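What's counted below: heavy atoms across the whole structure, side chains too, no hydrogens, waters or symmetry copies. Just so you know, ligand 1 is whichever comes first in the structure, and atom 1 is the first atom listed for that ligand. Model, not experiment: these values are computed from the prediction.
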Amino acid sequence: VKEESSGSCRFFDTTMGDKLRERRTIEQDLRQALQDDQLYLVYQPQAKIGTGEVTGFEALLRWKHPVRGDVPPGLFIPIAEESNLILTLGEWVLRTACREAASWTRPLTIAVNVSTRQLIDEGLAELVQSILADTNLSPQRLEIEVTETALISDPSRARQTLKRVKALGVTIAMDDFGTGYSSLSNVREFPLDKIKIDRSFIKAVHANKQAAAIVRAVRLLCDGLGLPVIAEGVETADELRFLINEGFTDAQGYLLGAPVPASDIGPLVFENVIP
Ligand code: C2E
Ligand code: CA
Ligand code: CA
Ligand code: CA
């Protein structure tokens with residue numbers, strides 16, 4: 001091995017090593033976070049476009065690290081997903097979301113994100129069932145959000161799990177629709193009740209003819225299949241107008257409301273979030 005290449009190799013190894021150490025630290029801290037109450041959920045409203053009536057909320061995980069401050073879920077969830085830690089975390093999210101939603105003064109829906117490992121775990125349906133029983137939440141109020149990537153990682157297992165979760169009366173929503181390894185056959189091959197069209201298309205509807213065509217086509221597809229569809233990440237009045245013109249009835253996004261902590265939900269369940 002030449003001096004030069006081993007030198008650059010050593011440099012490479014060091015940064016790789018740093019990355020690994022960083023991940024391991026985050027994983028350890030996350031285990032601690034579960035015990036020390038550093039995790040909490042925020043809730044983002046979903047609403048009818050026409051009236052602004054709030055129909056439900058999506059639960060989003062937050063972590064307030066004692067030293068690092070707020071750690072974004074996009075950073076720590078992928079790390080948790082590399083180990084069984086995501087199962088513990090996912091169970092905490094499900095239980096907390098169901099418990100908090102059970103205390104709302106109107107029976108709105110609560111959407112919870114479920115990751116790949118949870119979806120292919122044998123015990124998910126039983127877990128959901130026992131959490132619903134423990135928290136006294138009606139299954140009709142719970143919505144599970146799954147991504148296409150999660151579905152295709154082990155399609156037959158995912159299909160089985162979803163069937164059993166759905167049999168409880170829980171709604172299954174496909175998240176981030178149109179991204180990842182998107183295939184139209186997925187909407188037929190999995191027991192889905194609802195489609196969430198990804199934010200990347202919504203934010204491009206005015207700049208990009210293709211994005212507008214895709215949003216339009218997804219709405220037609222969902223209509224044809226009898227599947228409700230909700231537009232994600234609506235930020236501007238122009239985007240909302242586009243969606244209304246295209247016949248959308250439901251939306252989520254900063255324009256309608258940013259995620260709020262559980263303590264701020266009270267008045268929101270009665271609010272009309274017409275921008
Ligand atoms: P997601 O499931 O697609 O959630 C929507 C994300 O978009 C959230 O980011 C939300 O805050 C953000 N968002 C909502 N409206 C707007 C908008 O109008 N504009 C923009 N720019 N963003 C908007 P967040 O909370 O940072 O979560 C990121 C991702 O982390 C989520 O994407 C989801 O994949 C994952 N995640 C969050 N909480 C959980 C959880 O409890 N379990 C699992 N498995 N994943 C979670
Ligand atoms: Ca989601
Ligand atoms: Ca999404
Ligand atoms: Ca996403």
Side-chain angles (χ1 to χ4, degrees), residues 30 33-34 38-47 49 54 56-64 70-101 109-121 124 127-128 131 142-151 153 158 171-180 182 192 194-205 215 218 229-240 242-243 250-262 273 275:
L30 200 45
L34 272 160
Q38 295 166 20
L39 301 175
Y40 62 100
L41 297 179
V42 290
Y43 296 91
Q44 186 176 34
Q46 302 181 329
I49 293 177
V54 174
F57 291 86
E58 177 178 1
L60 295 159
L61 185 56
R62 293 293 179 264
W63 177 13
K64 199 164 198 61
D70 292 307
V71 186
L75 181 83
F76 69 82
I77 287 172
I79 293 173
E81 278 173 340
E82 284 174 8
S83 72
N84 283 336
L85 183 55
I86 192 64
L87 296 179
T88 317
L89 210 58
E91 177 172 348
W92 183 88
V93 170
L94 262 170
R95 194 174 291 280
T96 306
C98 289
R99 191 189 60 236
E100 292 184 337
T109 60
I110 173 67
V112 177
N113 293 285
V114 163
S115 65
T116 309
R117 231 180 248 247
Q118 289 176 277
L119 196 60
I120 58 179
D121 187 69
L124 185 68
L127 179 68
V128 168
I131 288 175
L142 179 63
E143 210 168 278
I144 296 291
E145 294 193 5
V146 298
T147 61
E148 294 178 283
T149 315
L151 293 181
S153 81
T171 300
I172 315 290
M174 184 185 271
D175 201 0
D176 303 344
F177 186 69
T179 63
S182 197
L192 304 170
K194 180 174 175 178
I195 300 286
K196 298 190 78 179
I197 182 163
D198 192 66
R199 174 163 73 87
S200 56
F201 300 107
I202 308 302
K203 76 169 186 217
V205 287
V215 171
V218 169
V229 57
I230 181 166
E232 285 196 274
V234 180
E235 290 184 355
T236 69
D238 279 349
E239 289 163 1
L240 195 69
F242 173 90
L243 292 168
D250 293 83
Q252 180 181 349
Y254 293 161
L255 184 70
L256 300 145
V260 297
V273 288

Participant: With heavy atoms of Asp176 as the reference, note each atom of ligand 1 found under 4.0 Å away.
Facilitator: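 Answer, ordered by atom number: 3 (O).
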
Participant: Show the atoms of ligand 1 that are less than 4.0 angstrom away from any heavy atom in Gln44.
Facilitator: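 Numbered from 1, ligand 1 contributes 14 (C), 15 (N).
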
Participant: Of the listed options (Pro72, Pro73, Pro78), which comes nearest to atom 30 (O) of ligand 1 when hydrogens are ignored and any heavy atom counts?
Facilitator: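 Considering heavy atoms of Pro72, Pro73, Pro78, the nearest to atom 30 (O) of ligand 1 sits in Pro73.
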
Participant: Do Glu100 and Ile110 come close enough that some side-chain heavy atom pair is under 4.5 Å?
Facilitator: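 Sidechains of Ile110 and Glu100: no contact.
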
Participant: Do the side chains of Lys194 and Ile172 get nearer than 4.5 Å, heavy atoms only?
Facilitator: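 No, their side chains stay 4.5 Å or more apart.
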
Participant: Of Ile230, Val229, Thr147, which meets side chain to side chain contact (heavy atoms under 4.5 Å, CB included) against Lys196?
Facilitator: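 Testing each of Ile230, Val229, Thr147 against Lys196, the sole residue satisfying side chain to side chain contact (heavy atoms under 4.5 Å, CB included) is Ile230.
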
Participant: If hydrogens are left out, which of Trp63, Tyr254, Trp92 has an atom nearest to atom 23 (C) of ligand 1, that is, the closest non-hydrogen atom?
Facilitator: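 Among Trp63, Tyr254, Trp92, the closest heavy atom to atom 23 (C) of ligand 1 belongs to Tyr254.
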
Participant: For ligand 1, which part of Arg62 has a heavy atom less than 4.0 Å away: the side chain, the backbone, both, or neither?
Facilitator: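 For Arg62, only side-chain atoms sit under 4.0 Å from ligand 1.
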
Participant: Would you check whether Glu232 reaches within less than 4.0 Å of ligand 1, judged by its heavy atoms?
Facilitator: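 Within the 4.0 Å threshold, so yes.
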
Participant: Check the pair Ile202, Leu243 against side-chain contact (heavy atoms from CB on, under 4.5 Å), reporting the backbone distance first and the verdict last.
Facilitator: CA-CA 9 Å; Ile202 308 302; Leu243 292 168; 4.1 Å; yes

Participant: Any side-chain heavy-atom pair from Gln44 and Gln252 closer than 4.5 angstrom?
Facilitator: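 They are in side-chain contact.
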
Participant: For ligand 1, which part of Asp175 has a heavy atom less than 4.0 Å away: the side chain, the backbone, both, or neither?
Facilitator: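 For Asp175, the contact with ligand 1 is made by the side chain alone.
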
Participant: Looking at every non-hydrogen atom in both residues, tell me the closest pair between Gln118 and Asn113 and how far apart they are.
Facilitator: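 That closest heavy-atom pairing would be OE1-O, 4.1 Å.
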
Participant: Pro259 heavy atoms, cut-off 4.0 Å: which ligand 1 atoms fall inside?
Facilitator: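 Those of ligand 1 that fall under 4.0 Å from Pro259 are 11 (O).
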
Participant: Give the numbers and elements of all ligand 1 atoms closer than 4.0 Å to a heavy atom of Glu235.
Facilitator: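 In order of number, 17 (C), 18 (O), 19 (N), 20 (C), 21 (N).
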
Participant: Are side-chain heavy atoms of Thr149 and Asp176 found at a separation under 4.5 Å?
Facilitator: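 When only atoms from C-beta onward are counted, Asp176 and Thr149 do not touch, as no gap falls below 4.5 Å.
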
Participant: Taking the side chain as every heavy atom from C-beta outward, state whether Thr179 and Ser200 have any atom pair closer than 4.5 Å.
Facilitator: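 In short, these two side chains touch, coming nearer than 4.5 Å.
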
Participant: Distance under 4.0 Å to a non-hydrogen atom of Glu58: what atoms of ligand 1 satisfy this?
Facilitator: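 Heavy-atom distances to Glu58 below 4.0 Å select 2 (O), 4 (O).
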
Participant: Does any N or O atom in Glu81 lie less than 3.5 angstrom from one in ligand 1, N or O only?
Facilitator: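 Between Glu81 and ligand 1, no N or O pair is found under 3.5 Å apart.
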
Participant: Can you find an N/O atom of Asn113 closer than 3.5 Å to an N/O atom of ligand 1?
Facilitator: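 Asn113 vs ligand 1: N/O contact under 3.5 Å present.
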
Participant: For the atoms OE1 of Glu232 and OD1 of Asp176, give the angle they form at the Ca ion (ligand 3), rounded to 10 degrees.
Facilitator: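 That angle is 90°.
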
Participant: Using 3.0 Å as the threshold, say whether any N, O or S atom from Thr147 sits that close to the Ca ion (ligand 2).
Facilitator: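 Here the distance criterion (N, O or S atom, under 3.0 Å) is not met by Thr147, so no.
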
Participant: Only N/O/S atoms count here: what is the atom of Glu145 closest to the Ca ion (ligand 2) called?
Facilitator: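 In Glu145, the heteroatom (N, O or S) nearest the Ca ion (ligand 2) is OE1.
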
Participant: Compute whether any side-chain donor of one residue and acceptor of the other, for Thr236 and Asp238, lie under 3.5 angstrom apart.
Facilitator: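 No, Asp238 and Thr236 have no side-chain donor paired with an acceptor closer than 3.5 Å.
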
Participant: Does Glu145 reach ligand 1 with a nitrogen or oxygen that is under 3.5 Å from one of the ligand's nitrogen or oxygen atoms?
Facilitator: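 Among all N and O atoms of Glu145, none is under 3.5 Å from an N or O of ligand 1.
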
Participant: Is there a side-chain contact between Pro259 and Tyr43, using heavy atoms and a 4.5 Å cut-off?
Facilitator: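 Result no, sub-4.5 Å side-chain heavy-atom pair not found.
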
Participant: Does any non-hydrogen side-chain atom of Lys203 lie less than 4.5 Å from one of Glu239?
Facilitator: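 In contact.
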
Participant: Got an N/O contact under 3.5 Å between Leu61 and ligand 1?
Facilitator: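 Leu61 vs ligand 1: N/O contact under 3.5 Å present.
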
Participant: For Glu58, what is the atom name of its N, O or S atom nearest to the Ca ion (ligand 2)?
Facilitator: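 Checking each N, O and S atom of Glu58, the shortest distance to the Ca ion (ligand 2) belongs to OE2.
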
Participant: Name whichever N, O or S atom of Asp175 ends up nearest to the Ca ion (ligand 2).
Facilitator: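 The Asp175 atom nearest to the Ca ion (ligand 2), restricting to N, O or S, is OD2.
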
Participant: Which bit of Val112 gets closer than 4.0 Å to ligand 1, counting heavy atoms only: side chain, backbone, both or neither?
Facilitator: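 Neither part.
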
Participant: May I ask you to test the Leu30-Leu39 pair for a side-chain heavy-atom distance under 4.5 Å?
Facilitator: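 In short, these two side chains touch, coming nearer than 4.5 Å.
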
Participant: Going by the order shown, which atoms of ligand 1 are within less than 4.0 Å of some heavy atom of Ser115?
Facilitator: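 So the answer, numbered in order with elements, is 44 (N).
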
Participant: To the closest 0.5 Å, what do you measure between CD1 (Ile144) and CG (Leu119)?
Facilitator: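 Those atoms lie 9.0 Å apart.
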
Participant: At less than 4.0 angstrom from any non-hydrogen atom of Leu60, what atoms of ligand 1 do you find?
Facilitator: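 Under 4.0 Å from Leu60, ligand 1 has these atoms: 4 (O), 8 (C), 10 (C), 11 (O), 25 (O), 37 (C), 38 (N).
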
